[in-house]
Structure formats: C-alpha cells, structure tokens
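Beneath this line is the structure, given in structure tokens, with notes to follow.
These figures come from a predicted structure and were not determined experimentally. Numbers restart at 1 for each chain; the letters A, B, ... are given by sequence-line order, proteins then strands. Just so it is clear, the values below take in all heavy atoms, side chains as well, and ignore hydrogens, waters and symmetry mates.
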Protein chains: 2
Amino acid sequence: MKHMETIFACPISCRNCRMSSLCIPMSLRSDELYKLDQIILRGKPLQVRQSIFRAGDPFTSIYAVRSGSVKAFRLDDDGREQVVAFYLPGEIFGWDGLADNHYQNTAVALETTSVCEIPFEQLDHLASSITSIQNYTTKLMSREIINGQRLIALLAGNSAHQRLASLLMSLSDRLALQKLSSTRFRLPMSRGDISNYLGLTVETVSRTFSYFQKMGYLRVNKKEVELLNLDALQEVIADSDVFA
Amino acid sequence: MKHMETIFACPISCRNCRMSSLCIPMSLRSDELYKLDQIILRGKPLQVRQSIFRAGDPFTSIYAVRSGSVKAFRLDDDGREQVVAFYLPGEIFGWDGLADNHYQNTAVALETTSVCEIPFEQLDHLASSITSIQNYTTKLMSREIINGQRLIALLAGNSAHQRLASLLMSLSDRLALQKLSSTRFRLPMSRGDISNYLGLTVETVSRTFSYFQKMGYLRVNKKEVELLNLDALQEVIADSDVFA
DNA sequence: AAATCAAACTGATATAGATCAACTCACCGT
DNA sequence: ACGGTGAGTTGATCTATATCAGTTTGATTT
C-alpha cells in the first residue's frame, strides 16, 4: 500500500504537466507559478459525453484540457445543437461565460478527458498582482476571437472539400504543438460532430473522406487517419475555385 | 471666425456622447470617467472606404464607433476578403489585434464615420487601477467571442432566408439600443458586403429581399428598408426546416 | 454464435443556391 | 444633355450538396 501512497503523493501540477508550455504558464517566475498552481482544481477524469458545463450554468471557471478532448456547442433557438469549437490538450475554453456570468455553450468530453479548472474569481485576483497573467488571459481571449473568425471565413467562403481539409490540417497543426504525430492520429469526434461543425451533412463528410482517400491524400478508417500528402491537402484549401 | 472657435471649443467627450451608455463608460465614477476621457483620441471623420486599421498593422488601439458604421474583414490565404463583422455606433472593435500584437482584420468605414480611438497601452494601465474597466473590457471580449459563435451557428446551420432575416433582426435590435427606429433604417453596407458576410451570392441576397417584400415582410428600396412584419421574420429564423 | 444497434459508408435523386447573362437605374464627369 | 460606370435586380440554367434509401461494419448483449 505504500506504493499507492506514492502515486497519490505525486500531485499533478503545472510544473510537471506536459501541456504547460501551451497553456497558461509561459514566462511566470517560480513563485508566481506556485500561486497559480494553488488555485487550479484537478478533478477526476471525465467519461465520454460527460459535460464540463452546460449552457445557462453560472460562470465560475475557465478550463484547460490536460488530456483527451472537448467539444463546445450552442443550443440554437430551436434546440438544435451547433458545434462551435473542439479543444485539444493545452487549449483553454469557457470564455463565453464571462459576458453575462452564464455559459452560453455546453462543453462535453469527446473521450476520457482530464481538465484543469481555473476558478475565474481567483484567477482575476491573481491577475491584479501578476500583470503577466492579466496580459496572457487577454491574449487568450483575443486568440479565441480570431479562431472564431477563421471558422466564419471557412464556413462562409469554402466548399465541403476545403472545409474538411482545413479541419484536418488544423488538427494536424495542433497535434504537432503537443509533439505528437501530425500525420497519424485518431479523430476524437464523430462524423456527426464533424459535419455539424463544418456546416455539412454526415454523408458529405463521409464522401469527402472517401474522395481524399481515393486521391491518395490520406488513409482513413473510422476515426483513425493518416495524412499522406499534406501539400495536396494544403492545395485543396488554397485553391479558390475562382481559378479552378 | 469666433463662431468657428465656438464649435471647436466644444470638445467631444464621453460625458456628452450619445453612445456612452452602450460603450465603455457604464458605471464609472465621475473622476474615473474623466481619466478615461483623457486617453481617448477623436480624429476627424473617416470617408467611405477609408480604413481604420489594416490586417498586419501593429496593434495599438481598440476603437468605438461614435457615428456611422464599420466592416471588419479577413484576407483569406488566397487574398479574397471575408467580412466577419459589422459595427454600429456604440460598438467596440479591434480585439483581434491583441493576440499577437498585429491586427488580423482590416476595418473600413462603410459611410462617413467617426470613431474614438482608445490606445490599448493606456487603457490597460488605467485598468490596473480601475478594476471596473478591467472587468468591462474582459466582458466586451467575451461578448465578441459569443457574437462570433452566433454567426458560426448561423452560417453552419441556416438557409439563405434565415441568414438574411437574422441579419436584419440583428441590425434592428442594435438600432433599437441606439434609440433609433428598429423598423425603418438604411443599410450601411452594400449587397456585396451582405452576401459575403452571410456566405451567399449577391443574387441570392437580392432575390431573398424580393421574396421578403413579396410576402409583405418588409419594403426595400436599395439600401432603405422598412420591416413590416417582425413576427414573420422571427418565424423565418426560428422555423428549423426540420418541421417544415 | 446469433441478435441487436449505432456509426459509417455508398448510391440514386432532388433542390437550394451558384453561375451566367441581361437589363435597369442612379450617379458622375465632361 | 450624354455616354459611362457600378450597384442592384431578374431570368435561365447548372451543380454541389442535401435528402432519401439502403448496406456494411464493428461493438455489445444474450
């Protein structure tokens, strides 16, 4: 039983978290990092489909993905769900709750997932003394605005092929940041989630995967994908059919 | 010439700005408002098509629309422009520049437009002593994230009719906040801007206007619109064709 | 091993919206 | 006044993607 204790006695902290370079910490001094670490809550892992927060819940915290992945969706006026973002390890979500103190989105785990909960009140308090934290949270929100605008541009001006290629390249890039393979990975979300996010039907997503495979751009089997020709995929994205 | 001087001697300030209730000021104490007012720059009005900032410019300031209107667009990889937002009086824009100290978007005046420039460095400094300013800017950014997500949902899951009806209702609501008529107004943007923003073609936008007019939902003549049946437009938006 | 069920894939057909083409109209400069 | 230019509208056709209808696969239960 000593052994068990040893395991529990090794607490997860920002200091030993593989994601820390992507997440909050950056240029914090050691004592500052300690203070930040103190306020972060690390619950037990979430199961598939378990929610982190739901639209309408009072806003308390922002969250960082430690492992696994998360989808965030709005409930439209008529109750349909609309996926607005996927979050991978090292990424931070929940900013939508700040505007009027209630989350606008629901966030659910796409697989077994661990998140760090960062209570906003305490983060804000910390930020008032550590200006680099204030700066950083502001930049994170700005980044979230930009990512939203990137998706708007994708949805407003691109074909099904371009949309799916963009998503795949985005996932690839983000996995690379985690030092994971950017060419071989498992899609954490279902075809339904992908099609909803991209404003397409599942059939179109499925056919587009098949097409990319037929063209030799990738190999796909259910959720496993291997990108074989990144240049070709990049070309698909760039080819404004204006010149096709 | 005394007359001219009188005009110039009456400075624009947040205190006498019709938009102040929508904009930054809210619950500032008188002395705090004074400090804020001091850092705000108010240049001479911009002409149509004149830019406030361009994608790639170093980030210096956020901006509030005092009068007129602004469109913000990204330049896609392949150089096409994609409109991501319209801003009306009392609304604040420029947050996209914060993430990496360069604006991602270009912002241009859609008509003769006055903006207040709020140098971010100074605003940030002010925020460190006046916590209500810090809170408020954070909420504004969160609001911008939510607005982006609302547009994502609109683009991903709605028909041309629903998209245009949504835009019209959004403009209507925002004009109401300015105590202006919510049923009779002038669209500040061209059909091209509308179609680009909504992910449609100009022809489809034009036809949809005609259809709404034929149905008696509105009257439209070039940029002048009069909404005749808000309930019907709301119905168009709500009617998920799931049950159509 | 058979039965059940959901996710993913594929084929046939339908359609919303794009594309192509023409026309109208207001505005601008000469 | 007169051609020119660009924004907006309307009509005819085309097409990318949705819809509808199975089929396949793999996981789960019995």
Side-chain angles (χ1 to χ4, degrees), chain A residues 47-49 71 80 82-83 110-112 154-168 186-215 218-225 236 239-244, chain B residues 47-49 71 80-83 110-111 154-168 186-215 218-225 236 239-244:
Chain A
Q47 300 307 308
V48 187
R49 252 173 278 266
K71 75 168 169 180
R80 284 175 305 169
Q82 176 58 55
V83 177
L110 288 168
E111 56 196 312
T112 305
L154 185 69
L155 294 173
N158 297 93
S159 69
H161 286 196
Q162 293 173 315
R163 294 184 206 186
L164 184 59
S166 266
L167 174 60
L168 291 171
R186 186 185 155 77
L187 298 168
M189 69 295 279
S190 70
R191 295 292 187 272
D193 289 331
I194 293 175
S195 62
N196 181 300
Y197 176 73
L198 296 177
L200 302 167
T201 57
V202 285
E203 293 94 330
T204 297
V205 169
S206 182
R207 277 187 251 269
T208 305
F209 268 121
S210 299
Y211 170 78
F212 285 164
Q213 178 157 270
K214 190 186 71 187
M215 299 297 283
L218 50 74
R219 266 183 9 83
V220 59
N221 183 274
K222 291 290 160 85
K223 295 189 167 177
E224 294 296 333
V225 289
V236 168
D239 262 13
S240 83
D241 30 11
V242 174
F243 306 104
Chain B
Q47 300 305 309
V48 187
R49 255 171 275 266
K71 76 167 167 179
R80 284 176 306 169
E81 84 178 46
Q82 175 59 54
V83 178
L110 288 168
E111 57 195 311
L154 185 68
L155 294 172
N158 297 91
S159 69
H161 286 196
Q162 293 173 315
R163 293 184 205 186
L164 184 58
S166 267
L167 174 58
L168 292 171
R186 186 185 156 76
L187 298 167
M189 68 296 276
S190 71
R191 294 292 188 273
D193 289 330
I194 293 174
S195 62
N196 182 299
Y197 176 73
L198 295 178
L200 302 167
T201 58
V202 286
E203 293 94 329
T204 297
V205 169
S206 182
R207 277 187 251 271
T208 306
F209 268 122
S210 300
Y211 170 78
F212 285 164
Q213 177 156 271
K214 192 186 72 186
M215 298 297 282
L218 51 73
R219 265 182 10 83
V220 60
N221 183 272
K222 293 289 159 88
K223 296 189 167 176
E224 295 296 333
V225 289
V236 168
D239 262 12
S240 86
D241 29 11
V242 174
F243 305 104

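- For the helix from dA1(C)-dT30(D) to dT30(C)-dA1(D), the terminal axes (five pairs an end, C1' atoms, rotation from four pairs onto the next four) enclose an angle of 40°, given to 10 degrees.
- Judged by distance alone, with hydrogens and angles left aside, the side-chain atoms of Arg163(A) form no donor-acceptor pair with the main-chain N or O of Leu200(A) at under 3.5 Å.
- Arg191(B) places a side-chain N or O within 3.5 Å of a backbone atom of Lys222(B) that can act as its donor or acceptor partner.
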With the criterion being N/O to N/O and under 3.5 Å, what pairs connect the protein with nucleotides 4-9 of chain C, and how long is each?
| residue | atom | partner | partner atom | Å |
| --- | --- | --- | --- | --- |
| dA8(C) | OP1 | Arg191(A) | N | 3.4 |
| dA8(C) | OP2 | Arg191(A) | N | 3.1 |
| dC9(C) | OP1 | Arg191(A) | NH2 | 3.3 |
| dC9(C) | OP2 | Arg191(A) | NE | 2.7 |
| dC9(C) | OP2 | Arg191(A) | NH2 | 3.4 |
| dC9(C) | OP2 | Ser206(A) | OG | 3.4 |
| dC9(C) | O5' | Ser206(A) | OG | 3.2 |

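- When atom types are taken as modelled, the side chain of Gln213(A) and the backbone of Val220(A) share a donor-acceptor pair closer than 3.5 angstrom.
- Between the base of dG8(D) and the side chain of Arg207(B) there is no donor-acceptor pair shorter than 3.5 Å.
- Listed for the Gln162(A) side chain is a donor-acceptor partner under 3.5 Å among the backbone atoms of Ser159(A).
- The shortest distance between side-chain heavy atoms of Glu81(B) and Lys71(B) falls below 4.5 Å.
- Considering only heavy atoms from C-beta on, Phe212(A) stays 4.5 Å or farther from Val225(A) through its side chain.
- Remark: P of dG17(C) and CG of Leu164(B) are 12 Å apart, rounded to the nearest angstrom.
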Run Met215(B) and Tyr211(B) through side-chain contact (heavy atoms from CB on, under 4.5 Å) and show every step you take. CA-CA 6 Å; Met215(B) 298 297 282; Tyr211(B) 170 78; 3.6 Å; yes
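- Among residues two or more places apart in sequence or in another chain, the side-chain hydrogen bond (donor to acceptor under 3.5 Å, both in side chains) test is passed with Thr208(B) by none.
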